[in-house]
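Numbered from 1 within each chain, the chains take letters A, B, ... in sequence-line order.
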Number of protein chains: 2
Amino acid sequence: MSISSRFAVGIHILALIDLNKETASSSEFIAGSVNTNAAVIRKIMGMLKKAGLIDVQPGVAGAKLSRELSEITLFDIYKAVNVVEENELFSIHDKPHPDCVVGKNIQNTIEPIFMAAQSAMEKVLQNLTLEDIVKDIEAKEHIK
Amino acid sequence: MSISSRFAVGIHILALIDLNKETASSSEFIAGSVNTNAAVIRKIMGMLKKAGLIDVQPGVAGAKLSRELSEITLFDIYKAVNVVEENELFSIHDKPHPDCVVGKNIQNTIEPIFMAAQSAMEKVLQNLTLEDIVKDIEAKEHIK
DNA sequence: ATTACTTGTAACCGAAACAATTACATCATG
DNA sequence: CATGATGTAATTGTTTCGGTTACAAGTAAT
C-alpha cells in the first residue's frame, strides 16, 4: 500500500505554476513536465481548484495560485487531493467478536493510537509550505 | 488508500495470545475473535513468526510470545506484517521531465519530506509496546 | 499405526483503488 | 466561426486486499 502519487503530482503542479508564472501553464504543458496524461492533470487541478488553492477558468489556458506561496501548506494540498481520509490512514478489522475480552475492546484501544500516529505524520506536512518547496527547487537548480 | 488491516489484526492476535495464555490459542480460536478466516490468521501468524515475535510449531495448537510484552513495540508488529515498505508510504510519480526546472528537482526535494513525515508516524509506533495495549484492554474491561 | 486435530501454503475469487487513455461537451477568444 | 483550452465521464489494465477452499505435512493420543 502506498499513498497515491496525486499528492506528489499536486505539489509538482503548484510549484510549476509558480515557477512558470510569466507564461500560462496549460494542462498539456504541465502534463509534459509531470510525464503523464493531460486529463490526469486536469482532474487533479480540479481538486486543487475545489479546495481553493488555484484559480482556473474553463476555456482559458493556465491557472494562478489563489494564495501566497507561504500560505499554502503541504497539508492543504494533501487534503485537497484526497489521498487519505480523516482518521483512516490505518484500517481496522471490523466486527471483532464481542464476547471476547480482546475482541470487545481492541477497537477502542487501537483507534486513538492510530489517530496519534496519523496526526504526527500530518503535522510534518502542516509545518511545510509551497514556499519551502519552491525555494528548495531553486537552490538545487543553482548548484548545478 | 489505507494501511492494511493486517497491522490491526496482528496486534489483536498477539494481545489475545497473551491474555489467553492459560489455554492454547489455535488459529481457529483466534479467527473467531478477530472475525475472519483461520487461513488469514495463519498467514499473518506466519509473518509474526518469521519476524521472531512468536513461537509456533507445525501441528501443535497455540503460539507463545517470543519476548516480554514490554519488549515488543507496535513498530515491530508493523514491520512484521509488511504493511508499508521502507520510505514508501508516499508514492512519487516517476520520470518527471528532466528538461524542466521543476521536473528535474522535484523528486529530490520531496523525498526527504516524505521520509520525515513517515518517520514521525513510525516513531509513535516505536514508543508503544504490546504491554500498553494489553494494560489498556484490561483497564477497559474492569470499567464495565 | 491409525485417528483427529493442527499448522503451513498454494491457488483462486471478487471488490476496490490507481493511473492512463479516449472521447466529447463546454467555454473563451481572435 | 475556428481554434484551443478546461471539465468530466467512461473504459482499461494492473495491483492489492481480504476471504475462501483445498490439501500437504506435522503432532499427539489412543
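- Atom-to-atom, CZ of A:Arg6 to P of C:dA19 comes out at 6 Å; the value is rounded to the nearest Å.
- B:His93 and A:Thr36 share no side-chain donor-acceptor pair at under 3.5 Å.
- Atom CD of B:Glu85 is separated from atom C1' of D:dT15 by 14 Å (rounded to the nearest Å).
- The CD1 atom of B:Ile3 sits 17 Å away from the C1' atom of D:dG18 (whole-angstrom rounding).
- Listed by residue number, A:Thr36, A:Asn37, A:Ala39, A:Val40, A:Arg42 are the residues of residues 32-49 of chain A with a heavy-atom contact under 4.0 Å to DNA chain C.
- Side-chain contact check for A:Ile77 versus A:Leu130: some heavy-atom pair is nearer than 4.5 Å.
- Between B:Ser27 and the phosphate of C:dT6, there is no side-chain N or O to OP1/OP2 separation shorter than 4.0 Å.
- When rounded to the nearest whole Å, the span between CZ of A:Phe29 and P of D:dT6 equals 12 Å.
- Taking only side-chain nitrogens and oxygens, B:Ser5 never comes nearer than 4.0 Å to OP1 or OP2 of D:dC17.
- In this structure, CG on A:Asn87 lies 9.5 Å from CD1 on A:Ile92, to the nearest 0.5 angstrom.
- In this entry the distance linking CD1 of A:Ile13 with P of C:dA19 reads 12 Å, nearest Å.
- Between A:Asp55 atom CG and D:dG7 atom P the separation is 11 Å, expressed in whole Å.
- Ranking D:dG7, D:dT27, C:dA28 by closeness to the B:Val60 side chain, first place goes to D:dT27.
- With DNA chain C read from its 5' end, the first of the two nearest nucleotides for B:Ser26 and A:Asn82 is the one closest to B:Ser26.
- The local environment of CE in B:Met47 is crowded, with over 12 non-hydrogen atoms from other residues, nucleotides or ligands closer than 6.0 Å.
- Comparing C:dT6, D:dT6, D:dG18 against the side chain of B:Ala61 picks out C:dT6 as the nearest.
- Taking 4.5 Å as the limit, some side-chain heavy atom of A:Leu53 sits within range of a side-chain heavy atom of A:Leu48.
- Under 4.0 Å is where a charged nitrogen must lie from a carboxylate oxygen, and between A:Glu85 and A:Lys79 no such pair does.
- Taking only side-chain nitrogens and oxygens, A:Ser91 never comes nearer than 4.0 Å to OP1 or OP2 of D:dC17.
- For the 3.5 Å distance criterion, the side chains of A:Glu122 and A:Gln118 qualify, holding a donor opposite an acceptor.
- Spacing between atom CD of A:Glu28 and atom P of D:dG7 amounts to 14 Å, rounded to whole angstrom units.
- Between the CD1 atom of B:Ile54 and the P atom of C:dT7 there is a distance of 10 Å, rounded to whole Å.
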